[in-house]
Amino acid sequence: MNSLNALLKNNTRHFLAHIKSYASQPAQYETLAVSVPKKNVYHVELNRPQKLNTLNQCMWSDLKKCFNTLHNDSDCRVVVISGQGKLFTAGIDLQSLVEYFSAANEIEDIGRRGRFLYKFIKDTQECITAVEECMKPVLAVVHGACLGAGVDLITAADIRYCTEDAWFQVKEVDVGLAADVGTLQRLPKVIGSASVVRELCYSARKVDAKEALDIGLVGKMLSDKQSAIDHALSMAELIASKSPVAVQATKQNILYSQDKTPREGLEHIALLNMLNHQSEDLSKSAIAAASRSGTPEFENY
Ligand SMILES: CCC/C=C/C=C/C(=O)SCCNC(=O)CCNC(=O)[C@H](O)C(C)(C)COP(=O)(O)OP(=O)(O)OC[C@H]1O[C@@H](n2cnc3c(N)ncnc32)[C@H](O)[C@@H]1OP(=O)(O)O
């Protein structure tokens with residue numbers, strides 16, 4: 001029995017060591033640069049600056065892989081997403097859009113062509129939904145332009161900041177599309193006014209940084225990219241210092257409650273918290289608050 005216990009202990013140690021070393025070297029992607037600028041804060045940068053960070057097939061799939069990985073990485077508590085180069089993103093890579101329509105046109109049968117198109121749209125939706133469903137708060141920093149698919153992406157984030165030179169466009173109608181990977185579902189929840197949402201989505205008109213702040217598309221406007229990144233990182237650091245059990249349950253419940261009745265949302269948080277009230281984070285936080293001894297350290301979660 002003792003030797004079995006020793007074996008189990010040893011294996012557990014190896015397993016935890018493996019997780020730790022994995023977490024301290026973030027996975028890299030062809031189109032995304034991932035770094036850990038502060039403890040428990042992961043920075044994901046769209047990294048196709050020479051192509052204005054447009055979303056091609058590789059970037060869609062990298063986003064999904066990256067956010068699924070961060071969701072499961074206990075070292076990661078908060079994610080900041082921004083773009084390298086002169087702007088956040090010019091939206092979908094139009095070249096890849098042409099290739100996708102050409103591939104569809106090769107399929108003769110209308111039913112099978114429809115199925116191909118449906119699968120493509122659904123797969124692409126999942127890449128943005130991975131950002132929303134990542135249980136770690138995601139803070140988006142927009143500089144320069146954020147067009148089309150970029151708006152789909154940032155509306156799946158939890159918090160948005162921008163620079164004074166930023167501008168936004170729900171540009172899909174300009175390329176003959178009804179936005180189909182999230183903007184029409186999430187933008188109304190972000191900015192509240194149905195009238196403004198419809199105007200932006202029907203007209204594809206530009207929204208400058210000042211208006212984005214006024215309508216609540218972003219929470220704060222900073223003078224330039226460095227200040228915006230610094231602001232996002234220090235907010236991320238503050239969030240990362242809190243109990244990850246509490247922060248992640250908060251995100252889970254906000255997400256769940258978005259399209260539910262208050263009663264359903266309350267039931268959901270009661271079910272989550274019947275577990276989380278037993279977490280050591282709660283007693284640690286309560287003792288620290290009572291003794292005014294500052295924020296305690298929390299185990300990764
Ligand atoms: C199921 C999928 C659903 C998803 C749908 C998503 C839809 C969308 O995202 S709609 C939005 C699509 N994007 C656009 O229409 C933006 C087009 N680009 C521009 O308006 C301008 O480039 C921009 C204002 C962003 C920047 O202008 P600037 O003068 O600074 O640069 P340019 O000289 O125009 O561009 C530099 C090179 O980048 C190429 N490029 C720009 N945007 C795209 C793009 N979206 N896709 C592919 N390539 C793009 C541009 O052609 C220039 O290339 P080169 O001439 O080779 O230097």
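Every number for a ligand or one of its atoms is a count from 1 in the order of the listing.
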**Study point:** Pair Lys51 + Asp93: basic N to acidic O under 4.0 Å
**Key:** no

Exercise for review: Look at the aromatic rings of His231 and Tyr161 and report parallel, tilted or perpendicular, splitting at 30° and 60°.
Suggested key: perpendicular

**Study point:** Passing option when Cys146 is tested against Asn53, Ile154, Leu87 for side-chain contact (heavy atoms from CB on, under 4.5 Å)
**Key:** Ile154

Check your understanding: Using links of under 4.5 Å between side-chain heavy atoms of ILVMFWY residues, direct or through other members, which residues join Leu282 in one cluster?
Key -> none

**Study point:** Backbone N/O of Val34 and side chain of Gln28: donor-acceptor pair under 3.5 Å
**Key:** yes

Review point. Within the distance-only criterion (no hydrogens, no angle test), does the side chain of Lys136 pair as donor or acceptor with the backbone N or O of Asp73 below 3.5 angstrom?
Key: yes

Check ligand 1 against the protein and report each N/O to N/O distance under 3.5 Å, formatted as atom name, atom name, distance.
unit_1, atom_1, unit_2, atom_2, d
ligand 1, 9 (O), Ile92, N, 2.8
ligand 1, 9 (O), Ala149, N, 2.9
ligand 1, 13 (N), Ala90, O, 2.8
ligand 1, 30 (O), Lys86, NZ, 2.6
ligand 1, 45 (N), Ala90, O, 3.3
ligand 1, 45 (N), Ile92, O, 2.8
ligand 1, 46 (N), Leu94, N, 2.8

